[in-house]
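A short worksheet on the structure shown next.
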Amino acid sequence: DLRQEIVLRRLAGQTRTHIAAMLAGQGLLPQGSFAGLALQEIMAAADALANALHVHVAKPFPPQEVQLPLKDILLCGWLDELYSGGRVVWSGGRASARLFVNAWLGHLVLAALAPGHIPVKSCICAWDSRVGVQLFQFDEMDAIAAQEQLTLYVQGFLQGQQEALPFFPKSALAWAE
C-alpha cells in the first residue's frame with residue numbers, strides 16, 4: 001500500500017520531496033499532472049497518520065518471546081510491535097476486523113506475559129478517508145483474565161481446525177460491537 005510506505009518513510013525522517021522523487025523513480029505514481037494531485041492527497045493522509053503514530057512508536061522494544069501455558073497447550077512465538085507506551089498496530093487504510101483481532105490477541109498475550117518494562121496497553125492506529133486518523137486503545141488488564149480469554153480463543157481456534165464455526169471476522173466484530 002502506497003500510503004503505508006509513505007508513512008514508514010515519514011516515520012524514518014524522510015522529507016516529502018525525497019519520498020516523491022523516490023516514488024516517481026520507481027514508477028509508482030501516475031504520469032503527468034495526475035501524479036502531483038494523487039501524491040498530494042496520499043501524502044496529506046500519510047502525514048496525518050505518521051504524526052499520530054510518532055508519539056506511540058518513538059521508542060521501539062525488541063520482540064518478546066512467548067511461552068505461555070494455557071490449559072492443555074503451550075502458546076509459543078514472538079510478540080512484536082512493542083514500544084515504550086505498549087503495543088502498537090497500525091494500517092495505512094481502515095481499521096479492519098483482522099487488525100482488531102490482531103491487536104486484541106496481541107494485547108491479551110502482552111497482559112498475560114506482563115513484562116515489567118513494557119506497559120500493558122495496546123493501540124490501533126488507522127486511516128479512514130471519511131474521518132481521518134482513527135485511534136483505538138486497549139487498557140491494562142489482569143494477567144489471569146488475559147490468560148482465560150486467550151484460552152477461550154485457543155480452544156475456539158482448535159475447534160475451528162476440526163469443524164466449521166459459525167463466526168467470521170467481520171460478523172464477529174459486528175457482534176462484539
Side-chain angles (χ1 to χ4, degrees), residues 1-14 19 22 42-70 73-129 131-158 160 167-170 172-174 176-177:
D1 175 55
L2 190 57
R3 189 179 305 120
Q4 192 129 342
E5 178 69 22
I6 294 171
V7 170
L8 287 169
R9 291 180 178 279
R10 294 296 283 157
L11 288 172
Q14 294 181 8
I19 294 169
M22 184 270 316
I42 293 170
M43 194 72 77
D47 279 347
L49 193 54
N51 289 337
L53 275 168
H54 185 72
V55 174
H56 299 284
V57 299
K59 184 179 176 196
F61 285 151
Q64 298 290 299
E65 186 173 9
V66 176
Q67 290 191 1
L68 196 58
L70 303 171
I73 192 164
L74 179 64
L75 185 64
C76 296
W78 293 90
L79 184 62
D80 59 1
E81 300 169 321
L82 300 171
Y83 300 89
S84 60
R87 186 163 188 266
V88 179
V89 294
W90 66 278
S91 171
R94 288 183 33 209
S96 64
R98 183 180 305 255
L99 191 66
F100 274 101
V101 170
N102 172 344
W104 179 243
L105 291 176
H107 182 69
L108 291 176
V109 171
L110 180 60
L113 290 176
H117 64 291
I118 301 172
V120 181
K121 294 182 179 181
S122 296
C123 175
I124 301 171
C125 190
W127 176 261
D128 186 329
S129 59
V131 296
V133 175
Q134 294 181 298
L135 287 172
F136 305 94
Q137 288 197 263
F138 301 124
D139 292 324
E140 289 194 37
M141 65 184 301
D142 180 64
I144 293 172
Q147 287 179 359
E148 290 170 356
Q149 288 265 336
L150 273 171
T151 299
L152 291 175
Y153 275 101
V154 169
Q155 288 172 340
F157 173 79
L158 293 174
F167 278 88
F168 300 97
K170 289 181 183 176
L173 179 62
E177 290 176 343

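- Going from atom CD1 of Ile6 over to atom CZ of Arg9 covers 9.5 Å, rounded to the nearest 0.5 Å.
- You'll find the side chain of Val109 stays beyond 4.5 Å of the side chain of Leu105, heavy atoms only.
- With Arg87 contributing its side chain and Cys123 its backbone, the two residues share no donor-acceptor pair below 3.5 Å.
- The nearest pair of heavy atoms linking Arg3 to Ile42 is CA-CG2, 4.1 Å.
- Formation of a donor-acceptor pair under 3.5 Å by the Gln4 side chain with backbone atoms of Gly92 is found in this model.
- Residues Val88 and Glu81 have side chains not in contact (no heavy-atom distance under 4.5 Å, counting atoms from C-beta outward).
- Ile124 and Ala95 make their closest contact through CG2-CB, 4.5 Å (heavy atoms, listed as atom of the first residue, atom of the second, distance).
- Across all their heavy atoms, Pro69 and Leu74 have their closest contact at N-CD1, 3.6 Å.
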Would you give me the side-chain donor-acceptor pairs under 3.5 Å for residues 43-67, sequence neighbours excluded?
{"from": "Asp47", "atom 1": "OD1", "to": "Arg10", "atom 2": "NE", "distance (Å)": "2.7"}
{"from": "Asp47", "atom 1": "OD1", "to": "Arg10", "atom 2": "NH2", "distance (Å)": "3.4"}
{"from": "Asp47", "atom 1": "OD2", "to": "Arg16", "atom 2": "NE", "distance (Å)": "2.6"}
{"from": "Asp47", "atom 1": "OD2", "to": "Arg16", "atom 2": "NH2", "distance (Å)": "2.7"}
{"from": "Asn51", "atom 1": "ND2", "to": "Asp47", "atom 2": "O", "distance (Å)": "3.2"}
{"from": "Gln64", "atom 1": "NE2", "to": "Pro62", "atom 2": "O", "distance (Å)": "3.4"}
{"from": "Glu65", "atom 1": "OE2", "to": "Gln67", "atom 2": "NE2", "distance (Å)": "3.2"}

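- In terms of heavy atoms, Ile118 sits closest to Leu82 at CD1-CD1, 3.8 Å.
- The two residues Ala146 and Ala112 come nearest to each other via the heavy atoms CB-N, 3.8 Å.
- Shown here for Val120 and Met141, the closest heavy-atom pair between the two residues is CG1-N, 4.3 Å.
- At most 12 heavy atoms of other shown residues, nucleotides or ligands fall within 6.0 angstrom of atom CD1 in Ile144.
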| Residues Ser122, Val89; criterion side chain to side chain contact (heavy atoms under 4.5 Å, CB included); working and verdict | CA-CA 8 Å; Ser122 296; Val89 294; over 6 Å; no

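- To the nearest 0.5 Å, the span separating CG on Leu108 from CD on Glu148 amounts to 11.0 Å.
- Expressed to the nearest 0.5 Å, how far CG of Leu2 lies from CD1 of Ile19 amounts to 10.0 Å.
- Side-chain contact between Val101 and Arg98 is absent, with no heavy atoms from C-beta onward closer than 4.5 Å.
- Partner Phe136 forms a ring-ring contact (aromatic ring centres under 6.0 Å, His included) with one of Phe100, Trp90, Trp104 and no other, that one being Phe100.
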